[in-house]
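Report on the structure given below.
Remember, it's 1-based here, ligands and their atoms both numbered in the order they're listed. Numbers for residues simply follow the sequence, beginning at 1. Excluded from the calculations below are hydrogen atoms, water molecules and symmetry mates; all remaining heavy atoms, backbone and side chain alike, are included.
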Amino acid sequence: MAKMWQGVTDGVTAKVADDFNSSISFDSRMFREDITGSAAHAKMLAKQGIITREDAEAIISGLEGILADLESGKLKIDPDCEDIHMFVEQVLTERIGDAGRRLHTARSRNDQVALDFRLYLRGETDALISLVKSAAEAVLEKAEEYKTAVMPGYTHLQRAQPILFSHQLLAYCMMFLRDIDRLSDCRRRINVSPIGSCALAGTTYPTDRRYEAELLGFSDICLNSIDGVSDRDFAVELLGCLSVLQMHLSRFCEELILWSSWEFRFIELSDEFTTGSSIMPQKKNPDMAELIRGKTGRVYGDLMALLTTLKGLPLAYNKDMQEDKEAVFDAVDAVKSCMNVFIPMIKNMRARPDNMLSAAQTGFINATDLADYLVRKGLPFRSAYKVAGQAVAKCQKTGRILENLPLEEYKELCELVEGDVYGEIELMNCVKKRISEGGTGPDSVDAQIKYLRSRLS
Ligand code: ARG
């Protein structure tokens, strides 16, 4: 078939070359944006007297018809078309004739694809922001539900100090809040209009780029036409935001996997979000959490792919840039599918404060509190640290815990220990005494919940 771009060549290309060149299999998802962008372009051309009002009206109603027919399934996307831009223009011209042929005045596919991509990603970024918000809310609700559950906090995956389970959950909420901020900031740079940059150098027609940008809801226009058609920073940036978000999800899922194992049993994932084994009847596997962790790899891969594609490209447009869409769409789809599972999985998760408490009771995680107690009794911290260590060793040898080591035995280690030591090393007290701002104490946890609630509303 003769190509729309048939100019100096005869437009006859090899079938394999056509297939290789074509992007319609993946860029057809931008059909709404392509149509909206073209309608705004026609409106601008008419306002500027570049095409007639009648032509603009015919173009706009033709485009509306195409949109309606695509939405209803009446019009099928032609997989043999080179890309979605060519497809829409071709159908339009079939339907309305010469007016359709005037649409591509004062633009190029180079600024058109940049426009469509930005419009599409603007919508996806909004959808992603609201998903992260729902995820943060789901975690926040769990934190409130289990606000007073005590668990061991870990460093090096070794029991370290007693903390509130809610405090640990709120740490993830803080991460999600930054993810929302990052995505919102990225959106500001996505929301700049490249249309009117044309092939690379701007145009001889008296266009009004700002009017067209305004029609499409952009907050500004790209101020350099070469940059307008060459810039894909916004896509790299979005992949960066998604990589960090996915890293947070992955760490959280890693903990869910650990916590739901028999070794921990701190949580139970609902049956709806676990799977059985085909051979071991007792198994309940956290497949969803594992898959979320697993999909993180492909999102990082998409970021690397796009960075690498762009790194050696001379200005302005190069066909290599067509590769941007598959990478970004893959990442956006992956993150959305993860979020859509993660949110209900968290909502349906049950915590086991009883098991958390038993784990907290074995592991000497109140040893720091014993040392702090001795400091308050007048011992220098280093000496107190040593005494507390000796007390732990004594307990370990005889299978006891600090809470039931008799006072006489404490006194053998240090004369300063009194009967009040037991209250001081009681686990909930250890938590309550963490009064520093941002610590695990209940007041701090309340303050965090209040802060997150107001930031998320
Ligand atoms: N399908 C192309 C892409 O996705 C559209 C732009 C093509 N421009 C060109 N001059 N070949 O990047």
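Residues satisfying the side-chain hydrogen bond (donor to acceptor under 3.5 Å, both in side chains) test with H85, not counting sequence neighbours, are D34, D116.
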### Message
Between Q161 and D369, is the side chain to side chain contact (heavy atoms under 4.5 Å, CB included) condition met? List the steps.
### Response
CA-CA 9 Å; Q161 291 184 349; D369 297 85; 5.7 Å; no
### Query
What do the steps show when you test D443 against K432 for salt bridge (Lys or Arg N to Asp or Glu O under 4.0 Å), and what is the final call?
CA-CA 8 Å; D443 289 347; K432 280 189 185 145; over 6 Å; no
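Less than 4.0 angstrom separates some heavy atom of S23 from each of these atoms of ligand 1: 1 (N). Within ligand 1, counting atoms from 1 as listed, the ones closer than 4.0 Å to a heavy atom of D83 are 1 (N), 2 (C), 5 (C).
Taking a cutoff of 4.0 Å between a charged side-chain nitrogen and a carboxylate oxygen, K142 and E145 qualify as a salt bridge. Checked for salt-bridge contact, K15 and D18 miss the test: no charged N lies under 4.0 Å from a carboxylate O.
Both cation-pi conditions hold for R29 and F329: the charged atom is under 6.0 angstrom from the six-membered ring centre and inside a 45 degree cone around its axis.
Given atom 10 (N) of ligand 1, the protein heavy atom at minimum distance is N110 OD1, 3.1 Å. Among all protein heavy atoms, the one lying closest to atom 6 (C) of ligand 1 is Y317 OH, 3.5 Å. Ranking protein heavy atoms by distance to atom 11 (N) of ligand 1, first place goes to R109 NH2, 3.7 Å.
Within the 4.0 Å heavy-atom cutoff, K325 counts among the residues contacting ligand 1.
The shortest N or O to N or O distance between Q322 and ligand 1 is below 3.5 Å.
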